[in-house]
Number of protein chains: 4
Amino acid sequence: MKSQVSIRKKESKREEKKEQILQSAMTIFSRDGYYKADVEEIAALAQVGKGTIYRHFESKKGLFLGVVEWGIKIMKNTIMEAIEDIDSPIKKTTHAIKTYLEFFERHRNFYRVLIQEITGFREEVERIFRKKYLPHICLIEEELKRGIEIGVIKDINTSTAAYALIGLTNSIIYKWLISDKEYPLNNELDIILEIWLRGVMVKE
Amino acid sequence: MKSQVSIRKKESKREEKKEQILQSAMTIFSRDGYYKADVEEIAALAQVGKGTIYRHFESKKGLFLGVVEWGIKIMKNTIMEAIEDIDSPIKKTTHAIKTYLEFFERHRNFYRVLIQEITGFREEVERIFRKKYLPHICLIEEELKRGIEIGVIKDINTSTAAYALIGLTNSIIYKWLISDKEYPLNNELDIILEIWLRGVMVKE
Amino acid sequence: MKSQVSIRKKESKREEKKEQILQSAMTIFSRDGYYKADVEEIAALAQVGKGTIYRHFESKKGLFLGVVEWGIKIMKNTIMEAIEDIDSPIKKTTHAIKTYLEFFERHRNFYRVLIQEITGFREEVERIFRKKYLPHICLIEEELKRGIEIGVIKDINTSTAAYALIGLTNSIIYKWLISDKEYPLNNELDIILEIWLRGVMVKE
Amino acid sequence: MKSQVSIRKKESKREEKKEQILQSAMTIFSRDGYYKADVEEIAALAQVGKGTIYRHFESKKGLFLGVVEWGIKIMKNTIMEAIEDIDSPIKKTTHAIKTYLEFFERHRNFYRVLIQEITGFREEVERIFRKKYLPHICLIEEELKRGIEIGVIKDINTSTAAYALIGLTNSIIYKWLISDKEYPLNNELDIILEIWLRGVMVKE
DNA sequence: AATGAATGAGCGTTCATTCAT
DNA sequence: TATGAATGAACGCTCATTCAT
């Protein structure tokens with residue numbers, strides 16, 4: 001009979017292998033895109049057999065969604081941890097964006113996966129987005145609402161404003177990704193805030 | 001000897017067929033993405049044989065690039081025509097964004113094609129972008145510069161501000177695309193301008 | 001009403017066009033082989049429309065067989081004319097081989113067509129062979145028989161001997177075709193005769 | 001850990017499957033020629049999936065070259081084994097031709113593959129020929145040279161004479177292949193030797 | 001549980017042939 | 001009669017998925 005300990009050891013080994021696969025998948029998906037990516041190459045990079053991937057994920061599609069979910073979870077945790085102790089709505093939002101930029105600066109691959117052509121199963125990706133990514137936007141919305149309440153933010157459609165901030169930030173990240181010179185992405189934080197905050201803050 | 005007239009008739013028929021193909025290709029590419037899209041289905045939708053597509057375009061890739069180029073040309077012309085008579089930098093930019101929104105409201109499919117991430121020939125797509133799309137961003141930059149000169153715009157990095165505006169607008173379009181309810185995209189113009197203009201305009 | 005003369009003029013113009021097509025087809029078939037050869041390119045080289053080819057020949061296959069037949073006819077005529085006035089069996093055969101070599105030296109393309117992979121319709125090609133080419137071998141056989149009768153040739157299986165001569169000659173032509181240096185094919189006549197004649201002649 | 005034995009078992013199974021494919025490919029290539037041959041039919045005949053062929057050969061072309069190489073290797077070995085113990089140049093050559101005839105009598109398909117004219121990669125086929133087939137001709141040349149040295153063969157261009165023998169033999173094989181009645185090819189050995197040897201031997 | 005050889009549906013592309021002009 | 005634009009059957013090759021070991 002297997003002891004609890006050895007079962008747990010096995011479990012953790014299994015998890016480890018799964019992370020290995022997710023990591024490799026992210027690398028390949030970000031380099032080649034969903035359709036061009038080759039499951040065999042992902043397996044080779046993860047140093048497992050092709051069949052093993054199918055023990056952990058239902059299909060190539062499932063693997064891709066797994067990567068998206070995994071990445072979003074890490075991103076969310078990173079941002080949440082970074083801002084949990086901040087109280088001021090403006091400062092909280094500001095720091096969230098800062099952390100967001102830093103996260104993608106460190107994980108360019110994940111951004112490339114996120115903006116991927118995921119046609120054909122947009123629905124599922126969006127379900128993940130809604131479940132895992134949107135709460136993050138809601139966070140901003142909540143802060144905006146709090147900001148409106150305490151009178152530092154204009155009485156604006158918070159949903160659109162939140163999307164605007166994300167979109168604005170994303171386009172800056174995109175510009176950075178396709179640029180040749182490697183300037184620190186963080187430099188752009190000020191201009192993002194300059195533009196966005198001026199727009200949403202009440203005139204002093 | 002063929003008359004000039006009959007030659008011209010043939011030419012125009014050829015163009016007509018090419019537009020038919022481009023139109024169908026845009027529909028399918030926007031629904032399925034580049035890789036999933038089936039050339040045979042595009043042909044069927046355009047009511048031509050598969051071979052006919054290859055008389056007009058070198059390959060599936062060439063067809064996709066053709067769609068991108070075609071769409072950008074129409075978009076550019078639409079916007080240019082709409083703003084050519086406007087003088088004030090702020091009004092010009094405002095109206096450009098308005099037309100941009102209206103254009104994608106009418107041609108959602110094209111937007112879906114544009115944001116595709118086609119690995120393996122990102123380079124060519126970007127070459128088209130640089131040649132056909134970026135002048136459009138430059139236009140905004142120029143207006144920003146003029147605005148700075150005449151003192152209605154803050155002395156800001158015009159390139160980043162232009163990207164910010166495009167990104168902000170795009171994210172609003174994206175939000176609209178994935179939304180279930182079909183509210184008019186134009187409604188969002190005000191909030192875009194509210195946010196962005198406040199950010200770039202000098203305080204009154 | 002069309003005059004006889006103009007009809008005849010038309011007929012000859014038609015024949016001229018057909019020869020143009022045959023000539024072009026031989027060039028392309030010899031360069032590319034049957035399957036790789038492109039009917040469109042043949043048409044372009046003959047300076048006619050693709051459809052015109054199908055007025056003169058039933059199909060690509062028919063065109064190929066036409067080329068074979070046309071070439072064999074010319075070859076046969078060339079050889080026949082060259083040897084008709086010669087009487088001695090040995091001299092007649094010798095001169096036939098000489099003319100054969102000269103013919104292929106001038107028309108390498110035709111040899112390339114003849115040895116082509118004509119699988120799938122070997123039957124038809126062979127029918128042409130039997131009807132147009134074998135009489136030529138029979139000619140040699142007849143000369144051999146006459147030689148046997150008059151006692152200058154050994155009493156040998158004439159069919160095999162004729163094939164042996166043709167095969168021997170063909171292999172020499174093949175060797176010449178694939179060689180880089182362009183030595184005159186005629187040089188090899190002596191060795192062919194040396195080998196073949198010594199073998200078939202009675203010891204003096 | 002896999003045992004050496006099971007690895008060896010796998011290897012031999014792989015080789016077995018490869019030979020199955022080569023055998024089927026030879027059958028189809030010989031019946032249809034390179035271009036007409038259908039990879040799917042080859043797979044069906046070998047009782048493997050289409051994909052399996054591409055695990056063993058890079059492409060259809062690679063498969064064809066594989067068949068050529070495989071056949072030549074077997075042919076060479078067969079002939080070499082048959083003549084290695086013979087010393088006299090004349091007898092050695094005689095027996096080589098005999099074995100050559102017997103080989104093709106047993107493997108008509110291979111002959112049909114060999115004489116194919118595959119435009120577009122004649123070069124590669126010839127490289128294999130030069131590496132695998134020409135040594136065989138050289139063998140004859142060497143025997144001829146030895147024969148000249150010891151005075152049983154006339155002082156003749158050995159290269160041309162060797163080609164002559166091969167060509168002569170091949171044309172006999174060709175005649176046999178297209179004949180309806182199935183006479184034993186070996187019957188023709190005597191006449192080949194009669195013609196060729198008498199031609200190259202010094203007059204007694 | 002892990003593997004990777006085998007599979008075959010699926011798709012891009014070609015090109016002989018047709019037929020409206 | 002001559003043309004060449006249009007067609008679609010045909011085929012080589014890929015790669016996600018399966019399954020015997």
Side-chain angles (χ1 to χ4, degrees), chain A residues 10 13-14 17 34-44 47-64, chain B residues 2 6-7 9-10 13-14 17 21 35-44 46-63, chain C residues 10 13-14 17 34-44 47-64, chain D residues 2 6-7 9-10 13-14 17 21 35-44 46-63:
Chain A
K10 232 178 207 171
K13 210 169 184 184
R14 186 182 156 79
K17 201 153 257 184
Y34 176 75
Y35 279 99
K36 202 165 173 267
D38 182 345
V39 174
E40 187 148 17
E41 196 179 358
I42 292 172
Q47 292 181 313
V48 299
K50 224 185 320 178
T52 307
I53 287 187
Y54 285 86
R55 302 206 148 277
H56 289 274
F57 301 92
E58 207 181 87
S59 61
K60 187 186 184 183
K61 177 176 158 183
L63 176 57
F64 182 85
Chain B
K2 301 216 165 157
S6 78
I7 287 177
K9 214 187 274 172
K10 229 178 215 171
K13 208 170 179 185
R14 185 182 160 79
K17 201 149 259 182
I21 293 170
Y35 281 101
K36 194 163 178 271
D38 180 348
V39 175
E40 189 146 19
E41 196 180 356
I42 292 172
Q47 291 181 313
V48 299
K50 219 188 320 181
T52 306
I53 288 189
Y54 287 88
R55 297 186 69 60
H56 290 272
F57 302 92
E58 214 179 67
S59 62
K60 187 185 184 184
K61 175 177 160 182
L63 175 57
Chain C
K10 233 177 206 169
K13 210 169 184 184
R14 188 184 155 79
K17 200 152 259 184
Y34 176 75
Y35 279 98
K36 202 165 173 266
D38 182 345
V39 174
E40 187 148 17
E41 196 178 357
I42 293 172
Q47 292 181 313
V48 299
K50 225 185 317 179
T52 307
I53 287 187
Y54 285 87
R55 301 205 150 276
H56 290 273
F57 302 92
E58 208 180 86
S59 62
K60 187 186 185 183
K61 176 176 158 183
L63 176 57
F64 183 85
Chain D
K2 303 219 163 155
S6 79
I7 286 177
K9 213 187 273 173
K10 228 179 216 169
K13 208 173 180 184
R14 184 182 160 79
K17 200 149 258 182
I21 294 170
Y35 282 102
K36 197 165 177 269
D38 180 348
V39 175
E40 190 146 20
E41 196 179 357
I42 292 172
Q47 290 181 313
V48 299
K50 216 188 322 178
T52 306
I53 289 189
Y54 288 90
R55 297 186 69 61
H56 290 272
F57 302 92
E58 214 179 68
S59 61
K60 187 186 184 183
K61 176 177 160 183
L63 176 57

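- Protein atom CD of D/Gln47 is 12 Å distant from nucleotide atom P of E/dG8, rounded to whole Å.
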Starting at the 5' end of nucleotides 16-21 of chain E, put B wherever the base has a protein heavy atom under 4.0 Å, S where only the sugar-phosphate does, and a dash everywhere else. SBB---
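- With rounding to whole Å, D/Arg14 atom CZ is found 13 Å from E/dG4 atom P.
- Following rounding to the nearest Å, A/Ile53 (CD1) and E/dA2 (P) show an atom-to-atom distance of 12 Å.
- Summary of the strand contacts: C/Val48 and B/His56 both lie near DNA chain F, and taking for each the nucleotide with the nearest heavy atom, the more 5' one is attributed to C/Val48.
- Between A/Ala37 and A/Lys60, the closest heavy-atom pair is O-NZ, 2.8 Å.
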Could you pull out all donor-acceptor pairs under 3.5 Å where a side-chain atom in residues 51-58 of chain A meets a protein atom, sequence neighbours excluded?
none

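- Interatomic distance, CG of C/Asp38 versus NZ of C/Lys50, reported as 7.5 Å (0.5 Å rounding).
- Between atom CD of residue B/Glu40 and atom CD1 of residue B/Ile42 there is a gap of 11.0 Å, rounded to the nearest 0.5 Å.
- In this entry the distance linking CG of B/Leu63 with C1' of E/dC11 reads 15 Å, nearest Å.
- Note that OH of D/Tyr35 and OH of C/Tyr35 are 11.0 Å apart. Values are rounded to the nearest 0.5 Å.
- A straight line from CD1 of D/Ile21 to C1' of E/dT7 spans 12 Å, rounded to a whole angstrom.
- When the side-chain nitrogen and oxygen atoms of B/Thr52 are compared with OP1 and OP2 of F/dT7, one or more of them lie within a distance under 4.0 Å.
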Dot-bracket summary - DNA chain F, pairs being Watson-Crick or G-U whose distances fall under 3.5 Å, with | when paired to another strand: .||||||||||||||||||||
